[in-house]
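Just so you know, ligand 1 is whichever comes first in the structure, and atom 1 is the first atom listed for that ligand.
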Amino acid sequence: MVDARRAMPLPNVGAIALQQGSRVTDSLARPLHDLRISVTDRCNFRCTYCMPKEIFGPDYEFLPRSELLTFEEITRLARVFKEHGVEKIRLTGGEPLLRRDLEQLIEQLAGLGGLDLTLTTNGSLLARKARALKDAGLNRVTVSLDSLDDAVFGAMNDVDFPVQRVLEGIEAAAAAGLAPIKINMVVKRGVNDHAVVAMAQHFRGTGHIVRFIEFMDVGATNGWRMDDVVPSAEVVRMIDAEMPLEAIDPNYYGEVAERWRYRDGRGEIGVISSVTQAFCRTCTRARLSTDGMLYTCLFATSGYDLRRLVRGGAPDREIYEAIARIWGARGDRYSEIRTAETAKLRKIEMSYIGG
Ligand code: SAM
């Protein structure tokens with residue numbers, strides 16, 4: 001297994017501004033705008049492209065509770081990231097809704113003020129939690145759903161989880177006001193690519209935004225092959241042939257999805273093309289793992305141990321400076337340099353680093 005806690009020493013970078021409140025940029029002039037926080041490395045699904053059963057089986061050792069950042073530790077780090085200019089926080093995992101009392105964390109993060117708080121979930125527990133999440137201060141949710149067909153979806157989540165219960169979660173989230181809701185569909189060649197148009201059709205006119213994601217070589221266990229990737233251009237062509245589309249501008253600098261709207265005005269879709277159209281140039285995302293490692297790329301092979309600082313009694317100023325040094329030295333652009341060889345690197349698993 002990859003040693004996820006293989007920590008790098010803090011980089012030494014000379015000329016970065018360390019004024020409290022000033023905005024740090026990385027070596028490619030990218031600002032720090034988003035923070036993804038993994039709140040658990042556990043999941044109740046075993047999606048074949050993310051946590052395949054053969055690796056994440058009954059004997060797999062997930063992190064013990066004492067290793068997880070507490071809600072107070074997460075909130076403290078989030079406050080320091082906010083001072084660096086982070087405006088958006090996404091809670092993820094693993095399956096974030098498996099983390100007990102998550103609403104309490106959301107309440108604490110909402111208390112920091114001025115943050116766009118979102119969460120990515122497989123939707124399995126959303127129907128009963130949506131209202132409490134909204135009341136705690138969550139702004140929006142993204143729900144993953146790879147097919148509307150139980151046989152296909154069951155084979156992909158590998159625990160036979162029924163589509164209907166995810167749809168109920170989506171409805172509950174909409175009723176609670178966690179909108180606009182985004183629906184993530186990972187498209188894999190020969191597995192669910194035949195279901196792309198049906199997925200778009202189902203959600204057209206609902207206000208929910210389906211985002212079609214290229215199958216990525218995250219982690220080191222999902223058996224990724226380029227042949228399994230369905231390029232987003234192909235997805236757009238398939239949908240456009242049935243329901244004409246036109247490209248629209250991003251909502252903000254660094255938005256992950258490329259946006260397309262239906263020409264008849266009945267909504268929009270997004271495509272996330274990390275493989276065929278890398279968007280590293282505008283990547284403004286940092287990732288905090290469940291146990292407090294900071295990663296500056298989804299495809300990282302090592303990170304920086306912020307938990308050591310937090311639990312070692314470092315004052316906020318020291319953590320602020322550490323983040324400035326890490327971000328200032330950042331030069332990641334994995335998707336731009338991806339090859340069949342880099343795909344074999346022992347990258348950190350997505351369930352741990354946070355999707
Ligand atoms: N459990 C939550 C969920 O299912 O949404 C959050 C974590 S999950 C790792 C976050 C997102 O990453 C999901 O939409 C999932 O489909 C996507 N994902 C996981 N592995 C992927 C891969 N190899 N390529 C593309 N997307 C992937």
Numbered atoms of ligand 1 (with element) below 4.0 Å of [X], judged on heavy atoms:
| X | answer |
| --- | --- |
| N184 | 14 (O) |
| V218 | 22 (C), 23 (N) |
| T92 | 6 (C), 7 (C) |
| N222 | 23 (N) |
| I213 | 25 (C), 26 (N) |
| C50 | 9 (C), 19 (C), 20 (N) |
| G94 | 1 (N), 2 (C), 6 (C), 7 (C) |

| said: Classify the ring geometry of H84 against Y320: parallel below 30°, tilted from 30° to 60°, perpendicular beyond 60°. | reply: parallel
* To do: Determine the interplanar angle of the F161 and F45 rings, folded into 0 to 90°, and report it as parallel if under 30°, tilted if 30 to 60°, perpendicular if over 60°.
  => tilted
Would you call [X] a ligand 1 contact, heavy-atom distance under 4.0 Å?
| X | value |
| --- | --- |
| E214 | yes |
| G93 | yes |
| G354 | no |

For [atom], grab the closest protein heavy atom and report residue, atom and distance to one decimal in Å.
| atom | result |
| --- | --- |
| atom 21 (C) of ligand 1 | Y49 CD1, 3.5 Å |
| atom 19 (C) of ligand 1 | M350 SD, 3.3 Å |
| atom 26 (N) of ligand 1 | V186 CG2, 3.3 Å |
| atom 5 (O) of ligand 1 | S144 OG, 2.5 Å |
| atom 23 (N) of ligand 1 | M216 O, 3.0 Å |
| atom 10 (C) of ligand 1 | G355 CA, 3.8 Å |

Applying salt bridge (charged side-chain N to carboxylate O under 4.0 Å, His left out) to E255 and not counting sequence neighbours gives none
By salt bridge (charged side-chain N to carboxylate O under 4.0 Å, His left out), E268 pairs with (sequence neighbours left out) R259
The residue among K182, E95, R90, R36 that forms side chain to side chain donor-acceptor pair (under 3.5 Å) with T120 is R90
So is T120 polar-close to ligand 1, meaning N/O to N/O under 3.5 Å? no
Short version for N122: what comes under 4.0 Å of ligand 1, heavy atoms counted, is both
Donor-acceptor pair, distance only, cut-off 3.5 Å: does the side chain of [X] make one with the backbone of [Y]?
| X | Y | value |
| --- | --- | --- |
| W224 | F215 | yes |
| D150 | P162 | no |
| S273 | T276 | no |
| R23 | G85 | yes |
| N222 | M216 | yes |

Worksheet entry | Cluster overlap L28 with W327, hydrophobic side-chain contacts below 4.5 Å | no
